[in-house]
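Here's the structure we're looking at; comments come further down.
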Amino acid sequence: MPDLTAERLAQLCFDTGIVSTQDLDKVWGEAGRHDVSYEQFSSVLLRKELLTNWQLERIASGIRDGYFYGDYKILYLVGAGTFSRVYRAVDHLSGDNAVRAVKVLRLRYSDDISATEQFLREARLVMPLRHPNIVPVQHVDSQRGRYYMVMDFVEGQNLRDFVKLRKHMELGEALKIITDITSGL
């Protein structure tokens, strides 16, 4: 990584709020000394799951924000669309570390009233809905001008990627998927 030392990485992790001083002390304790290499130190952070590769790459490239939205600590990027990005996150303040998806309106649309209203309308429409085929939205907010919504995190791929990979589906399987979609609608 570009001229980063273990000490500097520790300071950046602390400054961004990703890693607490108590956790950093544990990492230094495991490393055995403060003059370890950046690679050794980052390896311990990753192994102890105090940092993800996504977070490490961002910190190393000089990005200092975008690690938190409200109570949610961003772990990594899951997917991106035209208007927003979806991240895997954990609720780091509740203590239960519940995994959530945080959908964030892209920065380039934060001054676009139409795009912002569409994003907020989507969230408001989905929030009251409860159905097994609809991902619930728990929370909508903004932080430093960036709008985001917090949803349950659903493991797996989206329908577009599923269909791309399959290229061909049997009629029964396609009808089952269509039935699930229309049931949610």
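What you see below is based on every heavy atom in this structure, not just the backbone, and it leaves out hydrogens, waters and symmetry mates.
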Heavy-atom count check: over 12 atoms from other residues, nucleotides or ligands less than 6.0 Å from [X] [atom1]?
X      : atom1 : answer
Ile113 : CD1   : no
Asp111 : CG    : no
Tyr67  : OH    : yes
Phe162 : CZ    : yes
Arg64  : CZ    : yes

Establish whether [X] and [Y] are linked, either directly or via other cluster members, by ILVMFWY side-chain heavy-atom contacts under 4.5 Å.
X     : Y     : answer
Leu9  : Val36 : yes
Ile63 : Phe14 : yes
Tyr76 : Val90 : yes
Leu75 : Leu51 : yes
Tyr69 : Leu77 : yes

Cationic tip of Arg88 above Phe153 ring, under 6.0 Å, 45° of axis: yes
Shortest non-hydrogen contact from [X] toward [Y]:
X      : Y      : value
Ser37  : Ala6   : O-CB, 3.8 Å
Asp65  : Arg144 : CB-NH2, 3.6 Å
Thr82  : Tyr109 : O-CE1, 3.2 Å
Gly66  : Trp54  : O-CH2, 4.0 Å
Arg106 : Gly81  : NE-O, 2.9 Å
Arg146 : Val104 : NH2-CG1, 3.4 Å

For the atom pair [atom1] ([X]) and [atom2] ([Y]), what is the distance rounded to the nearest 0.5 Å?
X      : Y      : atom1 : atom2 : answer
Glu49  : Asp23  : CD    : CG    : 12.0 Å
Ile177 : Met169 : CD1   : CE    : 4.5 Å
Met149 : Ser142 : CE    : OG    : 12.5 Å
Ile178 : Glu173 : CD1   : CD    : 11.0 Å
Arg100 : His139 : CZ    : NE2   : 12.0 Å
Tyr148 : Phe68  : OH    : CZ    : 12.0 Å

Any donor-acceptor N or O pair under 3.5 Å, side chains Thr5, Glu7: no
Trace of the side chain to side chain contact (heavy atoms under 4.5 Å, CB included) decision for Val27 with Val19: CA-CA 10 Å; Val27 173; Val19 181; 5.8 Å; no
Side-chain heavy-atom pair Val150, Asp71 within 4.5 angstrom cut-off: no
Steps toward side chain to side chain contact (heavy atoms under 4.5 Å, CB included) verdict (Leu12, Leu4): CA-CA 10 Å; Leu12 291 170; Leu4 277 180; 3.9 Å; yes
Trace of the side chain to side chain contact (heavy atoms under 4.5 Å, CB included) decision for Cys13 with Ile59: CA-CA 8 Å; Cys13 287; Ile59 287 175; 4.0 Å; yes
Residues Leu56, Leu46; criterion side chain to side chain contact (heavy atoms under 4.5 Å, CB included); working and verdict: CA-CA 9 Å; Leu56 179 61; Leu46 292 168; 3.9 Å; yes
Arg85 side chain vs Val102 backbone, donor-acceptor pair below 3.5 Å: no
Short side-chain to backbone donor-acceptor contact, Gln55 and Ile74, under 3.5 Å: yes
Taking only distance into account, with no hydrogens and no angle test, what donor-acceptor pairs under 3.5 Å do side-chain atoms of residues 119-137 form with protein atoms, sequence neighbours excluded?
from   : atom 1 : to     : atom 2 : distance (Å)
Glu122 : OE1    : Lys103 : NZ     : 3.4
Glu122 : OE2    : Lys103 : NZ     : 2.8
Arg130 : NH1    : Met127 : O      : 3.1
His131 : ND1    : Asn133 : N      : 2.9
His131 : NE2    : Ser183 : O      : 3.3
His131 : NE2    : Ser183 : OG     : 3.3
Asn133 : ND2    : Asp180 : O      : 2.7

